[in-house]
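In the text below, chain A, chain B and the rest are named by the order of the sequence lines, each starting its count at 1. What you see below is based on every heavy atom in this structure, not just the backbone, and it leaves out hydrogens, waters and symmetry mates.
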2 protein chains.
Amino acid sequence: MAQLQKCTDKRNALVQATMELVNNNGFHAAPMSKIAKMANVSPGTIYLYFENKQDLVNQVYLEVKSVFTAYAFETYDPKMPVEQGFEVIWKRIAEFKLNKCQEAMFLAQCDNTPIIDEPIRQEGIKHLQPLLDLWKRGKEEGSIKPLSDYILYAYTVNPLSFLMLMQQRGVFKIGKKELESAYLAAWNSIKSE
Amino acid sequence: MAQLQKCTDKRNALVQATMELVNNNGFHAAPMSKIAKMANVSPGTIYLYFENKQDLVNQVYLEVKSVFTAYAFETYDPKMPVEQGFEVIWKRIAEFKLNKCQEAMFLAQCDNTPIIDEPIRQEGIKHLQPLLDLWKRGKEEGSIKPLSDYILYAYTVNPLSFLMLMQQRGVFKIGKKELESAYLAAWNSIKSE
DNA sequence: AGATAAAAAATGAACGTTCATTCATTTTCT
DNA sequence: AGAAAATGAATGAACGTTCATTTTTTATCT
C-alpha cells in the first residue's frame with residue numbers, strides 16, 4: 001500500500017461515506033460498492049487508500065476518535081482547578097456528542113460491538129489521558145471520590161452517549177437547561193462528600 | 001409459518017447460538033449456517049421457527065429484553081418507598097447486567113446499532129414502565145430531581161451497561177465494594193437537593 | 001400392545017444473489 | 001511522454017433462503 005501523495009479529498013469522502021452508511025445501515029449492510037458510490041469513487045479506488053474493509057473501518061475509528069479527544073481537550077488547561085477543568089472538558093464532550101452526531105454515533109457503535117479490532121480500540125483510548133490525569137489530581141486533593149476511572153467514566157461521560165442516541169432517534173431533545181442539569185448530575189455522582 | 005407444537009428446545013438453542021455468535025463476531029459475521037451448526041440444527045430448520053434472519057434477531061431481542069425486565073422488577077413492590085424501590089430495582093439490574101453477560105452484551109449491541117427494526121425496539125422498551133412510574137412518584141413527592149426520564153436513565157441504568165462491557169473485556173472487575181459505590185453514584189446523581 | 005398409515009418436523013444439497021477484492025485498461029497529472 | 005491515480009468489469013467465495021426428500025412423531029385400527 002504505497003502512500004498516495006495528494007487527494008486527501010477522496011480519502012475524506014470515503015471516511016465520511018463509511019460513517020454514514022455504518023450509522024444508517026449497520027456494518028453488515030454497508031458494502032464496499034455502496035461506500036464507493038456514496039463517495040463518488042470506484043470500488044477499486046478504496047483499495048488504493050485502505051488495505052481492505054476491516055482496515056477501512058479501523059482507520060475511520062482511529063481518526064474519528066482522535067478528532068473527538070482533540071475537541072474535548074481544546075479549551076482545557078492542566079493548570080485549571082479540578083472542578084473547573086472537569087466542567088470545561090465535560091461540556092466540550094457534551095457539545096461534540098450532541099452536535100457532531102455522525103461522529104458520535106459511529107463511535108458508540110464501534111465501542112459496543114466487535115467490529116473494531118481490539119488492539120485498534122486500545123489505541124483509540126490512549127488519547128483520553130488528560131482526563132485520567134485530571135481525575136487522579138482530583139482524587140489526590142480529595143475533591144473527587146476515590147473511585148475507579150471506569151466508574152467515573154461510566155457516570156460522567158457515558159450518559160452523554162445515551163442521550164446523544166436518544167436525541168438522534170428523535171425521542172428526546174436536549175437544550176441549554178437539560179445540559180446544565182445533566183452536568184450537575186455528572187458532577188454530583190463523582191464529587192467528594 | 002405454522003406454529004410448531006413442541007421442541008421449544010431447538011428454538012432455545014437457536015436463540016442461544018444467535019446471541020453467542022452476534023456477541024463474539026458481530027451481526028455481519030454471524031451467518032445462518034454457523035448459527036445452525038452451533039445450535040446442532042440444519043440451516044433449513046431455522047426457517048421453521050423464524051421467517052428470516054431479521055426476524056430471528058428481532059425475536060431474540062424481544063425475548064432477552066423481557067427476561068431482563070422481568071428480572072429487574074422481580075423483587076420490587078410498587079408500595080415500597082421511592083428510595084428503597086429504586087435501590088431494589090437498581091441492584092437487580094446491576095446483578096443481571098454483571099452476571100448474565102451474554103444477555104446484557106447482546107442487548108447493548110442491539111441498543112447501539114441499527115440491527116433491530118425500530119418498531120421492535122419500541123416494543124422492547126414498554127416493559128420498563130414500572131421504573132418510569134417509580135420515578136414519576138419520586139418527582140411528585142420531591143425525592144427525585146424533576147428531570148426527563150431519559151436523563152434519569154442515562155445516569156443510573158446506562159452506566160451499568162458500560163461497566164458490564166468493561167468487565168466483559170477484562171479491563172475492570174466490579175466487586176461488592178465497587179457495586180455499592182456505583183449505587184451511591186447513581187442515587188446521588190438523581191436524588192433531590 | 002403391535003402394526004400401519006398419515007401428518008409433522010427436520011434435513012442438507014442446490015439456487016440465485018451479493019459481496020470483497022483484483023487487475024488489465026484508461027484517465028489524469030507532472 | 002512517462003508516472004501516478006483511478007476505473008469498473010471480472011472472479012471466486014460466501015451468504016440467505018428454498019424445497020424435494022428423509023426422518024420422526026402421532027393417530028388409527030386390529
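Atom CD1 of Ile46(B) and atom P of dA9(C) are 17 Å apart (whole Å). Between Gln54(B) atom CD and dG16(D) atom P there is a gap of 12 Å when expressed in whole angstrom units. Between the P atom of dG16(D) and the CG atom of Asp55(B) lies a distance of 15 Å, rounded to the nearest Å. Rounded to whole angstrom, the span from the OH atom of Tyr47(A) across to the C1' atom of dA20(C) amounts to 4 Å. Between the CD atom of Glu51(B) and the P atom of dT18(D) there is a distance of 10 Å, given to the nearest Å. With rounding to whole Å, Phe50(A) atom CZ is found 18 Å from dT22(C) atom C1'. Distance, Leu14(B) CG to dA9(C) C1': 13 Å, rounded to whole Å. Following rounding to the nearest Å, Asn40(B) (CG) and dA9(C) (P) show an atom-to-atom distance of 20 Å.
In terms of phosphate contacts, Lys10(B) brings no side-chain nitrogen or oxygen within less than 4.0 Å of OP1 or OP2 of dA9(C). For dA6(D), the OP1/OP2 oxygens have a side-chain nitrogen or oxygen of Tyr49(A) closer than 4.0 Å.
Judged by a 6.0 Å distance limit and a 45° cone about the ring axis, Lys53(B) is positioned over the six-membered ring of Phe27(B). Figure legend: Arg92(A) and Tyr76(A) shown without cation-pi pairing, the cationic atom not lying both under 6.0 angstrom from the six-membered ring centre and within 45 degrees of its axis. Remark: Lys100(B) is not positioned above the aromatic ring of Phe106(B), lacking an NZ or CZ atom under 6.0 angstrom from the ring centre and at most 45 degrees off the axis. With Tyr183(A) as the aromatic partner, Lys91(A) meets the cation-pi criteria of under 6.0 angstrom to the ring centre and within 45 degrees of the ring axis. Because its NZ or CZ atom is both nearer than 6.0 Å to the ring centre of Phe68(B) and within 45° of the ring axis, Lys97(B) counts as a cation-pi partner of that residue.
The aromatic ring centres of Phe162(B) and Tyr153(A) sit less than 6.0 Å apart.
Note on Leu165(B): it does not cluster hydrophobically with Ile125(A), by side-chain heavy-atom contacts below 4.5 Å among ILVMFWY residues.
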What nitrogen or oxygen pairs link the protein and nucleotides 8-14 of chain D at under 3.5 Å?
residue : atom : partner  : partner atom : Å
dG8(D)  : N7   : Ser42(A) : OG           : 2.6

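The closest side-chain heavy-atom distance from Trp187(A) to Glu87(A) is not below 4.5 Å.
Taken to the nearest 0.5 Å, the NZ atom of Lys145(B) stands 7.5 Å off from the OG atom of Ser181(A).
When the nucleotides dC15(D), dT17(D), dT22(C) are ranked by their closest atom to the side chain of Met32(B), dT17(D) comes out on top. When distances run from any side-chain atom of Leu48(B) to the nucleotides dT11(C), dA6(D), dT18(D), the shortest one goes to dT11(C).
Paired runs in DNA chain C that reach 3 or more consecutive Watson-Crick or G-U pairs, where each pair keeps both distances under 3.5 Å, cover C:1-30 with D:1-30.
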